[in-house]
Amino acid sequence: MTLQDRELSMKNCMRCSFCKWVPSMNTEEFGHICPSIRYGKFHSYSGGGKVITAFGLMHGVVDYDNKMLDTVYACSACGGCGTGCSANLSDLVEPMETIYELRARIFKDGQLPDALNALLNNLKFAGNPQGSTVSRGEWAEDLGHGTTNDIALIVGEAAFDQLQWPQLHSLVGLLDGANADFVALGANEVDCGGLAYELGDVDLATSLAKAFLAKVQESGARRILTQSDAVFAALRNYFPRLGVDLSGIEVIHASEWMAEHTRPTKSTNETVTYHDSCKLGRLSEPYVPWDGEHDTEMGSIWVRRQRHVKHRYGNDGVYDAPRKVIEATGATIFEMPRIREASYCCGLNAGAKDFNPDFSASAAKDRLNEALSTGAKTMVTSCADCACHLQQVADREGMDIKVSSLLAFTQSAEE
Amino acid sequence: MKIKSDALEALQNAVGAENVATDLATLASYAWNGGVGALPGPKLKFWPAAVVLPGSTEEVAAIVNACNAHGLKFRPLSSGNGSMHLPQQQGAVMIDLVRMDKIEKIDRKNSMAVIQPYATAGRLMAEAMNVGLTCHVVGAGAGHSPLASATSMLGIGSSGASTGTNARNILGLEWVTPDGEIVRIGATGDDNWFSEEGPGIGFRGMVRGYMGAHGALGIFTRIGYKLHPWTGDKVIKQTGVFPQTGIEPSEFARFYAPVWDTPEQVAQCAKRLSRSGQLFAFLRLSATAYGLVLTPTNEDYVAQKEAGTLPEIAKDENRHGTQIMTQAHSAAQAAYQEKLVKKVVEDTGGRFLDLDPDHEKQLMRGLVTSQYVARVSRQGGGGATSFGINDSWNLWPKALELAEELVEADKSSDLMCRTEHESHWAWVHENRQLWTEHVMMPGHKKPEGTGMAIGSFMRHLHRMDERHLGMRALIGGPIIDLFQTKSKEGVWMRRIKNKIDPNWNADASFYIPPKAMPGGRMLPFIRRVVFSNAMRPFVNFILKSGTKGAAKKPVVPRGD
Ligand SMILES: Cc1cc2nc3c(=O)[nH]c(=O)nc-3n(C[C@H](O)[C@H](O)[C@H](O)COP(=O)(O)OP(=O)(O)OC[C@H]3O[C@@H](n4cnc5c(N)ncnc54)[C@H](O)[C@@H]3O)c2cc1C
Ligand code: SF4
Ligand code: SF4
């Protein structure tokens, strides 16, 4: 799909601002769903505002300048606007779909900001967005690298972060302990292309996705298991958009596997709160490709031409499994006001932190305040990257809270 | 129109450079001609010169002064829902009050709050429910501004039986006049009560009026706002799977879906229950609206409609029905309310539909939060237009009859969304009156649908006058003159505007134009001819061609 293909949907935008708010507001303070508008305040920062920008750009009446680029990229492509809008309008507008196409258009026009271009260059030349010189396979050097009849373990960018290696090893330990037939792809793993897609470089994203799939196929795996929320979302949501068919290979998140196959060895009576990362949550809702065309029925009612395609509301992400894993340790979860499909993003995603660290920090601070409002002193999230970002902001702001990835939490619970 | 550098500097001095935007992307998002209030024509037509975000009343006054000094028109917006804040001219300064977002206080004892413009209804409701109160919420839902609604634009919502109407929920006002003066009137809390209405013309009535002045009389920056009793949970418990979310009724809340054979019976019931003062909400939707609320997508709606599997309440044969919600303070009151509703419904010849409990919960959520109102727009993919009647329930059968006639007349066209008989929403408001509006939805197929809807809208207004169907709402701008009644509202509005804003500094696009429409005394006659049945094909042709032509017009770049 291109920006042009989305023109009718753009025109449907009613500027009603449902894309700024959670669909069910139960506190005064934590009602926003969009960190971008919360940060930027001008309507152009909202999902609906980006739709209008896209429309203006397409018609040649909006031009590139720093402010315009800030409204687009001080945004973590978190999908909150899509959920908010669809609460009433289902597929009428789909702001998130336009945001993807807007980003692709900006990339094509050669207007991607330098900080984001640098990430793409790193992806091309170093195989990872941060340009890390750690070799991808190092974390798994001691593991076998043959083939498998069942599971390919994919770890995403955690391979480059030595602080995450103990958690990766603990996951390997759990798989071993459950006698799983698995292989860690290690040095054979290829970036899945998710970030490239989010930054609008669809060609790079497609070639990475294809290379990724080829490596998985080489391993003989029937299932992909990953602890990386970013990889998980890319496989379920972006691959179908890129036309890369996983050919029947099932994708499971580590939390789902753990909820089904593992029992924690040690218990805790801690009280924690749980942050639904966008990528394990609403952004992991499977995308079913469709032609984007609408018909009218019963006179003038707008309906999808391909009727069977399920609309994405964000409620088909993975929400229960990580909670089960946490609760199995004996910990009690105090829920935040914004959870599941209405979760509030930490502000890290889609290059947002590299492009505008202030935006990213403001989102994280909001989320941390919300976590503290529950009374919990620990926040657990499935995503190690969110955890790291949130902890950094908490430390900088002097907020009394510990943020832990799910794997780190279960590991410490087991110790 | 690009803003001159000295004017820009003045605005920046007023609020800080970071709170002024002149980039095209931001200007475009304040020029978007879409949703409620959108007019035929391109999506981007009238570009503002700048958008400013004041953080305080003093900053609002400073912006107004800067605009006046540099000859710039200005227009405020609080949440900016739809297109009602759009000036119909190039180069105005948009004053977005998003930074003024505080709920300053909730005064439980006096059942009121003091709120700023961007304290949205959802946030206020969540805070108020914590102390056993709730607020009026209009159809725009959780994201709209109660301050904007109460001070400046209509303000009728479906829980109106118990939460009133926003024009009367204002208790105090802080106002920046069009010449930059800050004025405070009325009550904002415990110890400063006095009545702002005295003998003679009420000041609140003057600046607020019936429809609201749409920013044409200056900018309201804070209000004392009436809250209403809420006996439900402090935090509403959600049920169901998004987006079909419902609320778990509290112990003393009850929901009913009665139906009758005739609209007269509905009106009888509404009148008797209103008199009891026991209603939380009494809302009648059209069958189509129920269908859209109770299905997540249009595909689901169409499939269920075709298969005949829509819930009973969404079937046309049950259209003489309503939803009733009560809430009590005690078990004894709840028992009384149950007995009362059953007796009145039976006495008036009604029977109760047996609804799926999930549907009941979804409908209750709509009654409490107005969440689902926007869903009706989903069918057409564009703005809707409706007229409103605010009067006695005795007029309800006649209002239905009029809508049916007009729907029937346009039925052969598929340019508007199809409805079996009519698309009236109606509710009890202020526990005594009828509020009803007939929603005309332009279809998605062709832009001419908007022309048809406009034609139908105008004919509604005209026939309402002819048949004495009560006070009408939902009109503003130039058509005020066309539909002026004997009380000469257009003349009064112009007088008030001239007195408060003699230089017409504040944009008045949705209030009243400076000069009356030509035609003067001939207008009622002209109207009778134009809106007669004989002229219908001709008028429809003109409106359809006009809207088709307007839709073809290219978007307008900002002229620099
Ligand atoms: C789906 C939908 C359903 C709706 N249903 C209803 C309904 O049932 N009942 C109803 O009453 N309305 C309804 N509306 C319209 C609604 O009234 C307005 O959108 C809302 O009440 C006004 O709040 P706002 O924050 O959106 O106003 P804005 O769009 O910000 O402003 C509305 C008008 O008031 C002016 N204004 C805003 N703030 C100020 C201020 N501080 N001082 C002076 N002037 C100001 C603006 O210039 C504009 O003319 C609906 C809208 C939508 C989108
Ligand atoms: S994107 Fe959707 S929710 Fe946002 S303003 Fe547009 S229509 Fe409303
Ligand atoms: S993707 Fe997230 S941050 Fe970006 S506009 Fe939508 S809700 Fe806001």
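Chain naming here is simple, since letters A, B, ... match the order of the sequence lines and numbering starts at 1 in each. A quick note: this is a predicted structure, and the numbers were derived from the prediction, not measured.
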J.: With a 4.5 angstrom heavy-atom cut-off, is it the side chain or the backbone of A/H43 that approaches chain B, or both, or neither?
T.: both

J.: Side chain, backbone, both or neither: which part of A/N26 has a heavy atom under 4.5 Å from chain B?
T.: both

J.: Scan side-chain atoms only and decide if A/H294 and A/Q306 contain a donor-acceptor pair under the 3.5 Å cut-off.
T.: no

J.: At a 4.5 Å cut-off on heavy atoms, which part of A/D65 comes close to chain B: side chain, backbone, both, or neither?
T.: side chain

J.: Pick one of side chain, backbone, both or neither for A/K20, based on which atoms fall under 4.5 Å of a heavy atom in chain B.
T.: side chain

J.: Is it the backbone or the side chain of A/Y64 that comes under 4.5 Å from a heavy atom of chain B, or both, or neither?
T.: neither

J.: I'd like to verify something: which residue of A/V62, A/N88, A/N315, A/V72 has the highest number of heavy-atom pairs under 4.5 Å with chain B?
T.: A/N88

J.: Inspect the contact between B/D300 and B/K305 and indicate whether a charged nitrogen and a carboxylate oxygen are less than 4.0 angstrom apart.
T.: no

J.: Non-hydrogen atoms of chain B under 4.5 Å away: do they reach the side chain of A/S24, the backbone, both or neither?
T.: both

J.: Inspect the contact between A/E94 and A/R304 and indicate whether a charged nitrogen and a carboxylate oxygen are less than 4.0 angstrom apart.
T.: yes

J.: Salt bridge or not between A/E285 and A/K310? Use side-chain N to carboxylate O under 4.0 Å.
T.: yes

J.: Pick whichever of A/E297, A/K41, A/K50 has the most heavy-atom pairs under 4.5 Å with chain B.
T.: A/K41

J.: Report which part of B/L415 has an atom under 4.5 Å of a heavy atom belonging to chain A: side chain, backbone, both, or neither.
T.: backbone

J.: Counting only heavy atoms closer than 4.5 Å, note whether A/L57 contacts chain B via side chain, backbone, both or neither.
T.: neither

J.: Under a 4.5 Å heavy-atom cutoff, which of B/P296, B/P243, B/G449, B/P557 has the most pairs with chain A?
T.: B/P243

J.: Will you find, in the side chains of B/Y30 and B/D96, an N or O donor that is under 3.5 Å from an N or O acceptor?
T.: yes

J.: For B/K446, does the NZ atom sit with more than 12 other heavy atoms under 6.0 Å from it, leaving out its own atoms?
T.: no

J.: Tell me, for A/F18 versus chain B, whether the close heavy atoms (under 4.5 Å) come from the side chain, the backbone, both or neither.
T.: side chain

J.: Please determine which of A/I52, A/V93, A/L3 meets the side-chain contact (heavy atoms from CB on, under 4.5 Å) test together with A/M10.
T.: A/L3

J.: Check whether B/E248 reaches the backbone of B/Q238 with its side chain - one donor and one acceptor, N or O, closer than 3.5 Å.
T.: no

J.: Please look at A/S9 and chain B and tell me whether the side chain, the backbone, both or neither of the residue comes under 4.5 angstrom of a heavy atom of that chain.
T.: neither

J.: Side chain from CB out, backbone as N, CA, C, O: work out which of these in B/T120 comes under 4.5 Å of a heavy atom of chain A, or both, or neither.
T.: side chain

J.: Report the option among A/C13, A/G49, A/S17, A/G31 that has the most heavy-atom pairs separated by less than 4.5 Å from atoms of chain B.
T.: A/C13

J.: Quick check on the 6.0 Å ring-centre criterion: do A/F55 and B/W32 meet it?
T.: yes

